[in-house]
Engineer: 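Have a look at this one.
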Amino acid sequence: MACNRERFETDVIITVFGASGDLAKKKTFPALFGLFREGYLHESTKIFGFARSKLTGSELRQRIEPHLEKPNGKQDDEKVEQFFKLIQYHEGGAYDEDQGYLELLKEFQKVEAQKNITHPQRLYYLALPPSVFLSVAEQIKKILYTTVGVQRVIVEKPFGHDLESARALQNSLSPLFTEDEIYRIDHYLGKEMVKNLLQLRFGNTFLNASWNKDFIQSIQVTFKEPFGTEGRGGYFDSIGIVRDVMQNHLLQILTLLTMERPVSFDPEDVRDEKVKVLKAMAPIDHNDILIGQYGKSEDGSKPAYLDDETVQPNSKCVTYCAMSFKIENERWDGVPVVMRAGKALNEAKVEIRIQYKPAAPGVFRHIPNNELVIRVQPDASVYMKMNAKTPGLSTTTQVTDLDLTYSTRFKDFWIPQAYEVLIRDALLGDHSNFVRDDELEVSWSLFTPFLNYIESPDAPAPELYPYGSRGPSGFKEYMMKHGYKFQDNINYSWPIISPGEETH
Ligand code: BG6
């Protein structure tokens, strides 16, 4: 079927299901506001909030408003007022009963009749827990779906719990909506630095030429959060860090980082390449992992994972994991790729670190390896650690960097939040930054055997690491085993180097 790339510009009806929930309040509505504030959501848009809760429009507003990002931290009352005029709350009753949807349909028809709309453009955003997700999708199809216009459905993770459940979910969804109508959000695909990967890799000849096993020694994709499950333990305990961020967010980064050059930037061409590289990944070796669970902080002020009353007593849930990937193709054969993620660590950081092979010895002694770092957050930046002569009469070598820090280089740019980017893409009918069904199939095939193992009684218990630390004690050895050379003997600090800090 041909893709529908119709751009939704004016007179769009957006319905947020689960409008009273956390995701809607913290992400969906603020993203809609951000788009509206910046002029990317037309004032003719109508937004319905739909949920089971008994709420008035002003109560919904009270929940959402504290999360809106007002320009320069200032109240932009006029924009906020205008935005809330677009929103109407609809109490829907039980999610699997027709009544609420029939009433909502009447509201749609009222709006469309008033505006003489003969070709409805409707976007449904499912900010819902998995337990009610399918009932709502079925009701949308049964009651709200119209064959005369264009409809799009944005769905949120989790897209299943393992391969089997992901297939079951897909089998239930596919009779309802075409792949073209479904937009599966992985919000990491909306982050500026993740979107930047294509340009960085393929728009720079020197990077493109060295992006392979001949030049690259090791690759790391790292996710660190300085807080624990705080209030989300009940959800997290059945999920663990691997499902929460690795099988989706970090794997998306890894595929964009390692895929071949797509024929074009057309969404299907890009997604074809992502699927290909996923298929080239060898099964994850569960004997080659590092898993941990956070305990109390060393000073006792921060709780252990197991102190959370919403988690199972003695839970073996993994809150830190490092694993390695082998990509069995010509480009990457033999290059170690480590993915690691942890909660309750020493800092907040998501970054990609590519360590190059060392320069040939001879002229140089112990010269540090080049490293390209793409920092997704915080402080979006790209920097290349490189060697240069120390300025002045000295002939020693100094580690320095080529530094592209977004906040200094692109000062006055509006860098949209991930959800703003993705909702806008869905309005434009652009699937590039959404997850395709076959991508899900391959990624679950890769992760399911691994998850089955770490959740089986045979798996070793996760090592306890203190809240606020760098993770399990063996993390350094793990990185070194996978080709990463620690260069901490070098007095290098990014982004500023003080005079006199020489490498040798
Ligand atoms: C979510 C996970 O998908 O991503 C959370 O469920 C995690 O546990 C979050 O904290 C990280 O997103 P961001 O945008 O804050 O890096």
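For reference, positions follow the sequence shown, starting with 1. Excluded from the calculations below are hydrogen atoms, water molecules and symmetry mates; all remaining heavy atoms, backbone and side chain alike, are included. Just follow the structure's listing: the first ligand is 1, and inside any ligand the first atom is 1.
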Engineer: Specify the protein heavy atom at minimum distance from atom 16 (O) of ligand 1: its residue, its atom name, and the distance to 0.1 Å.
Structural biologist: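 Going by distance alone, atom 16 (O) of ligand 1 is nearest to Tyr188 OH, 2.4 Å.
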Engineer: Looking at non-hydrogen atoms alone, which of Glu230, Glu156, His249 comes nearest to atom 4 (O) of ligand 1?
Structural biologist: His249
Engineer: Take the angle between the ring planes of Tyr406 and Phe410 and call it parallel below 30°, perpendicular above 60°, tilted in between.
Structural biologist: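 Rings of Tyr406 and Phe410: perpendicular, as their planes differ by over 60°.
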Engineer: Which pairs count as ring-ring contact (aromatic ring centres under 6.0 Å, His included) when at least one residue sits in residues 161-183, sequence neighbours excluded?
Structural biologist: Tyr183-His431, Tyr183-Phe434
Engineer: Suppose we measure from atom 12 (O) of ligand 1 to each protein heavy atom; which comes out shortest, and what is that distance?
Structural biologist: His187 NE2, 3.1 Å
Engineer: In terms of residue, atom name and distance, what is the protein heavy atom nearest to atom 9 (C) of ligand 1?
Structural biologist: Glu225 OE2, 4.1 Å
Engineer: What residue pairs, at least two apart or across chains, pass salt bridge (charged side-chain N to carboxylate O under 4.0 Å, His left out) with a residue in residues 124-135?
Structural biologist: none
Engineer: Heavy-atom contacts with Lys191 under 4.0 Å: which atoms of ligand 1 show up? List them by number with element.
Structural biologist: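 Numbered from 1, ligand 1 contributes 13 (P), 14 (O), 16 (O).
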Engineer: For residues Tyr125 and Glu156, is any side-chain donor paired with an opposing acceptor at under 3.5 Å?
Structural biologist: yes
Engineer: Salt bridge between Lys157 and Asp186, side-chain N to carboxylate O under 4.0 Å?
Structural biologist: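 Judged by the 4.0 Å cut-off on N to carboxylate O distance, Lys157 and Asp186 do not form a salt bridge.
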Engineer: Can you check which of Gln377, Lys349, Arg243 brings a heavy atom nearest to atom 15 (O) of ligand 1?
Structural biologist: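 Selected option, by shortest heavy-atom distance: Gln377.
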Engineer: Of all heavy-atom pairs between Gln252 and Glu439, which one has the smallest distance, and what is that distance?
Structural biologist: NE2-OE1, 3.1 Å
Engineer: If you have a sec, work out which protein heavy atom is nearest atom 2 (C) of ligand 1 and how many Å separate them, to one decimal?
Structural biologist: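 Going atom by atom, the protein heavy atom closest to atom 2 (C) of ligand 1 ends up being Asp244 OD1, 3.2 Å.
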